[in-house]
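Quick note: residue numbers are just sequence positions, from 1. Only this structure's heavy atoms are used, side chains among them; waters, hydrogens and symmetry mates stay out.
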Amino acid sequence: MKINVVGGKITTIDVLKYPNDERKSESINAKVLPTYKQEALSAQSSHIQQVSGATETYKGFKGSLQDALNQAED
């Protein structure tokens, strides 16, 4: 995950790698990643709501975003 932080505010979130080797994973990620990105931008944190049926994507997105935020603080 790559984020841009300007003036202490998250301005962009780019998901660089995610599971897309199966149709089901590809379908779920196509639906929920935009939602997770928008929620994170609105919340300005990794504290987002999980979308039903996308638990693994949620865990991966939330964890990766928090790691990126931690690195941005250093």
Interatomic distance, [X] atom [atom1] to [Y] atom [atom2] [nearest 0.5 angstrom]:
X	Y	atom1	atom2	result
Leu69	Gln44	CG	CD	9.0 Å
Met1	Lys17	CE	NZ	13.5 Å
Leu41	Thr12	CG	OG1	7.5 Å
Ile13	Ser64	CD1	OG	11.0 Å
Phe61	Thr35	CZ	OG1	10.0 Å
Ser27	Asn29	OG	CG	9.0 Å

Mind listing the closest non-hydrogen atom pair of [X] and [Y] along with its distance?
X	Y	value
Ala54	Ile28	CB-CG2, 3.7 Å
Val5	Ala72	CG2-CB, 4.1 Å
Ala40	Ile48	N-CG2, 3.6 Å

Q: Tell me, with the steps shown, if Leu65 and Tyr36 meet side-chain contact (heavy atoms from CB on, under 4.5 Å).
A: CA-CA 10 Å; Leu65 178 57; Tyr36 288 158; over 6 Å; no

(Q) Donor-acceptor pair, distance only, cut-off 3.5 Å: does the side chain of Lys62 make one with the backbone of Ser46? (A)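 Here the side-chain-to-backbone pair exists.
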
Q: Please check if any side-chain donor atom of Asp67 sits under 3.5 Å from a side-chain acceptor atom of Gln71, or the reverse.
A: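 There is no such pair between these side chains.
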
